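Written below as structure tokens is the structure these notes are about.
Excluded from the calculations below are hydrogen atoms, water molecules and symmetry mates; all remaining heavy atoms, backbone and side chain alike, are included. Predicted model, so just to flag it, every value in this text is computed and none were measured. Indexing begins at 1, ligand by ligand and atom by atom, following the structure's order.
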Amino acid sequence: MPRVTINDIREMKKRGEKITVVTSYDYATAKVVDKVGIPLILVGDSLGVVVLGYENTLPVTMDVMIHHSKAVVRGAQRAFIVGDMPFMSYQISTEDAMRNAARFIQEAGTQAVKLEGGVNVADKVRAIVQCGIPVMGHIGLTPQSINQLGGNLVQGKKPEVARQLLDDARALEQAGAFSIVLESVPYKLAALITEKISIPTIGIGAGPGCDGQVQVIHDLLGLSDFVPKHARKYAKLIDIMTEVAANYYNDVKAGTFPTEKNSYIIDQSIIDEMNGA
Ligand code: KIV
């Protein structure tokens, strides 16, 4: 199967086919996600929270993102893979933005990058796209600005913010972004933005009117400490993992693991000879 391209993703919007996106941060998960045919994988900086245990995404660095993106690239042969540009990897200058976007493509092997912001980052999006690197935008709740926003709050309830979000979406479209994540935006506003722009919107907490949906895989699996309102827990893997760890602990303590079945054999004569030595 050839790898999904940005043209395939654009065509999906035109056909009205919903675009499924999920995060992955490692080889094994990417392999599973790829196997079921999910067309787009995001190596999100959310890994700072769900994999590394930070309070938010701000401590995540380029080196960490490259490390995890490489593992995902090794696991997924078909999905289009987007690397998330971490805090301060693109904000300082356009040169920084281009150089760090290029690291995702050259070092990690992702097909695209994502960055947060609208009108304020449009010049950087344009410069990266002009390098030949597809860019996914991200507006609404932008977690890298959590301190400026005052928390993980729904964005766009006030008329001026709602209008700004539409301006942001248009600016990203004009700058050449191939799609835009809308995070924590009232669903009617997300549907309106989706209607008014030609590139796909990918919602997370933005309702069913978006062209696609993205979710953090730990939330779907039931591995996160906190599962947001907008996520659906398809399993409670944390309970299964707890049971596995406890069973293993008890088996080792009781001496019921390992057994002969889990052990390697050696010719008895060697043991006898060593015993006699
Ligand atoms: O980092 C991430 O996983 C994201 C998604 C929630 C869109 O940005």
Are Arg170 and Glu173 close enough for a salt bridge, meaning some N to O gap below 4.0 Å?
->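 The answer is no: the pair does not qualify as a salt bridge.
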Quick one: does Gln111's side chain have a donor or acceptor within less than 3.5 Å of a partner on Ile81's backbone?
->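 Side chain of Gln111 to backbone of Ile81: a pair is present.
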Can you check whether Gln144's main-chain N or O pairs, donor with acceptor, with Glu116's side chain at less than 3.5 Å?
->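 Judged by distance alone, yes, a pair lies under 3.5 Å.
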List ligand 1 atoms under 4.0 Å from [X], heavy atoms only on the residue side.
X	answer
Gly44	1 (O), 2 (C), 3 (O)
Thr23	3 (O)
Ile204	6 (C)

Please state which part of Asp45 comes within less than 4.0 Å of ligand 1, counting heavy atoms only: side chain, backbone, both or neither.
->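 It is both backbone and side chain that touch ligand 1.
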Residue part near ligand 1, for Thr57, under 4.0 Å between non-hydrogen atoms |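 Contact part for Thr57 vs ligand 1: neither.
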Check whether any N or O atom of Lys114, backbone or side chain, sits under 3.5 Å from an N or O atom of ligand 1, and answer yes or no.
->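 Yes; at least one N/O pair falls below 3.5 Å.
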Based purely on interatomic distance, does Asp84 place a nitrogen or oxygen under 3.5 Å from a nitrogen or oxygen of ligand 1?
->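 Yes: some nitrogen or oxygen of Asp84 is under 3.5 Å from one in ligand 1.
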Identify the closest protein heavy atom to atom 4 (C) of ligand 1: which residue and atom is it, and at what distance?
->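 Checking every protein heavy atom, the shortest distance to atom 4 (C) of ligand 1 gives Leu42 CD2, 3.6 Å.
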Closest approach of any protein heavy atom to atom 3 (O) of ligand 1, naming residue and atom =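 For atom 3 (O) of ligand 1, the nearest protein heavy atom comes out as Ser46 OG, 2.5 Å.
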If you group Ile, Leu, Val, Met, Phe, Trp and Tyr by side-chain heavy-atom gaps below 4.5 Å, do Leu42 and Val135 land in one group?
->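 Not linked; separate clusters.
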Pair Arg103-Asn100, side-chain donor/acceptor within less than 3.5 Å |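 Judged by distance alone, the side chains do not pair up.
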Indicate whether any N or O donor in one side chain lies under 3.5 Å from an N or O acceptor in the other, for Asp239 and Thr242.
->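 Per modelled atom types, Asp239 and Thr242 side chains form no pair under 3.5 Å.
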What are the two closest heavy atoms between Ile19 and Met12, and how far apart are they?
->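 For Ile19 versus Met12, the nearest heavy atoms are CG1-CB, 3.8 Å.
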